[in-house]
Undergrad: 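Encoded as structure tokens, here's the structure I'll be asking about.
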Amino acid sequence: MIKISQFFQSIQNFLKPKIPRFLALILSTLAILHFIILPAFTQQPVTVRVLMQALEANQWQPLEEKFEEENPDINLEIIEGPNDTNLVEDLYTSAFLLGDSPYDLVYMDIVWVPKFAAAGWLEDLSDRVSPAELDKFLEGDVNGSMYEGGLYRMPFRSDGGMLYYRTDLLEAGGYDPPETFSELMQISQELKEQDIADWGYVWQGKQYEGLAAMFVEILKGHGAFWVNPDTLEVGLDSPEAIDAVKFLKSTINEGISPPGVTTYAEEETRRIFQNDDVVFLRNWPYVFALAQESEISGQFAIKPMVHEPGEPSGACQGGWGLGISKSSQHPDEAWRVAKFISSRETQKQYILKTGYVPSRKSLFNDPEVVEKYSHYPQLLEVVENAALRPPIAQYAQASDILQRYLSAALTGTMTPEEAMNTAAQETRNLFAS
Ligand code: GLC
């Protein structure tokens, strides 16, 4: 490395014979300013931007700090969005539709991948990851990151819906955890009548993506389906699917669920479960760590969702990961972030802190993880047997149709039959268009 004084002297020596001394002095000072001092001041780290739900943006702070410490040439900027996944999706979608997205990274819910990839908004990451590396992730998360053979997302955290129940309330009434929908109803009813519980069952009934996620579990437990992704056959108007809607509606009609349940997203249901005496809650694994720090700490457990006798249990496959925006000016720096975030070490630290579910298989049985969350080996079974929302490019529209009509049935503006017949027809029209 050459020193500034040497550089200064050599310019002066070069200029001396050609021009007067004072001019040589001015020119060499300008050269130093131009070549050495200004660049030193203007060499900013590259900024890589990502948008995510507010709840998680806060939880990412330690990751951001660690990443920047290890990568001083990159400034990771996290932008807080709303908490409903579909609202964040809308923000990304309008950014892409308006032209060059301001986001270099796309923190993606598993259900956005086909749409974003089909629209050409994402970089194909296949060449950046080896098959051996991908093999370390849960199959469902990898499959959910692919579209037509390309890889568009590095899985970060997985997700699977499950049933939480209050062990103390069940014990007080002398019940075992339920296996079927009718057992859940009966236990709820009796515990309410005995004044042991305020509510039987809370679930996400608001008109948003969480409603569709919850509903695929109820569908699967009734032996019904939404859309077959291979044939695009629609199953929403089958008698079993209509029964699934009737079950949800009966929880409200019979006072098992609070009437406000049709306006609740994940966070509202978590708060009620933690603050009131609620026997059952449908939610994602993130609730576990938060509820452990609440008043019901040590008084609840989890199990796979209830079902009809002879039908399987349904756990909706959820999960989040990072894709790279095609319009990013800094795809390599964005990739460094994606690699860091999806690494084993980062995932481990993150889930130890938050209770989210890893996407790397080996973490489910990691001694430190199991010491903190003894239910993780059991959780692996839940997320490995997931119920899928159809991985199709028209998913956002199909989900919107289902959300609208399901919500109409739950709030009583349509009967379950009318709602599901219309939803099925509109979905078929969508695929025919
Ligand atoms: C969770 C899941 C995601 C799902 C969302 C619905 O964040 O991980 O896949 O779409 O909940 O609210």
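Whatever order the structure lists them in is the order used to number ligands and atoms, beginning at 1.
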Undergrad: Give the numbers and elements of all ligand 1 atoms closer than 4.0 Å to a heavy atom of G210.
TA: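 Under 4.0 Å from G210, ligand 1 has these atoms: 6 (C), 12 (O).
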Undergrad: Identify which of L211, D159, V357 has a heavy atom lying nearest to atom 8 (O) of ligand 1.
TA: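 Among L211, D159, V357, the closest heavy atom to atom 8 (O) of ligand 1 belongs to D159.
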Undergrad: Identify, with sequence neighbours excluded, every residue that meets side-chain contact (heavy atoms from CB on, under 4.5 Å) alongside A396.
TA: E89, K115
Undergrad: Relative to the heavy atoms of G318, which atoms of ligand 1 are at a distance of less than 4.0 Å?
TA: 8 (O), 9 (O)
Undergrad: Would you please test K192 and D277 for salt bridge (Lys or Arg N to Asp or Glu O under 4.0 Å) and show each step?
TA: CA-CA 10 Å; K192 264 198 83 184; D277 281 333; over 6 Å; no
Undergrad: Enumerate the atoms of ligand 1 whose separation from the nearest heavy atom of T85 is less than 4.0 angstrom.
TA: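 By the 4.0 Å cutoff, the relevant atoms are 5 (C), 6 (C), 10 (O), 12 (O).
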Undergrad: Given H375 and F288, is the ring-ring contact (aromatic ring centres under 6.0 Å, His included) satisfied, shown in steps?
TA: CA-CA 10 Å; H375 62 292; F288 202 95; 3.7 Å; yes
Undergrad: Identify, by atom number and element, the atoms of ligand 1 in contact range of G319, meaning under 4.0 Å from any of its heavy atoms.
TA: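 Every atom of ligand 1 under 4.0 Å from some heavy atom of G319: 8 (O), 9 (O).
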Undergrad: Mind checking whether R389 has a heavy atom under 4.0 Å from ligand 1?
TA: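 Yes.
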Undergrad: Do me a favour and list the nearest non-hydrogen protein atom to atom 9 (O) of ligand 1 with residue, atom name and distance?
TA: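 Among all protein heavy atoms, the one nearest atom 9 (O) of ligand 1 is D109 OD1, 2.6 Å.
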Undergrad: Taking 4.0 angstrom as the limit and counting only heavy atoms of E209, give me the atoms of ligand 1 inside it, by number and element.
TA: 10 (O)
Undergrad: Using distance alone, decide if ligand 1 has a nitrogen or oxygen within less than 3.5 Å of any nitrogen or oxygen in E266.
TA: yes
Undergrad: List in chain and number order the residues that pass side-chain contact (heavy atoms from CB on, under 4.5 Å) with K136, two or more places apart in sequence or in another chain; answer none if no residue qualifies.
TA: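 In terms of side-chain contact (heavy atoms from CB on, under 4.5 Å), with neighbours along the sequence ignored, K136 is linked to E133, R360.
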Undergrad: Quick check: Y350 with Y356 (ring centres under 6.0 Å apart)?
TA: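 Between Y356 and Y350, the centre distance is under 6.0 Å.
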Undergrad: With respect to Y107, which candidate in V88, I341, V50 satisfies the side-chain contact (heavy atoms from CB on, under 4.5 Å) definition?
TA: V50
Undergrad: Please determine whether ring-ring contact (aromatic ring centres under 6.0 Å, His included) holds for the pair Y395 and W226, giving the CA-CA distance in whole Å, both sets of side-chain angles, and the decisive distance to 0.1 Å.
TA: CA-CA 11 Å; Y395 178 76; W226 177 1; 5.5 Å; yes
Undergrad: For ligand 1, which atoms sit closer than 4.0 Å to a heavy atom of Y208?
TA: 12 (O)
Undergrad: If you take all heavy atoms of F300 and S297, which pair is closest and at what distance?
TA: CE2-CA, 4.5 Å
Undergrad: I need the nearest protein heavy-atom contact for atom 7 (O) of ligand 1: residue, atom name and distance, please.
TA: W320 NE1, 3.1 Å
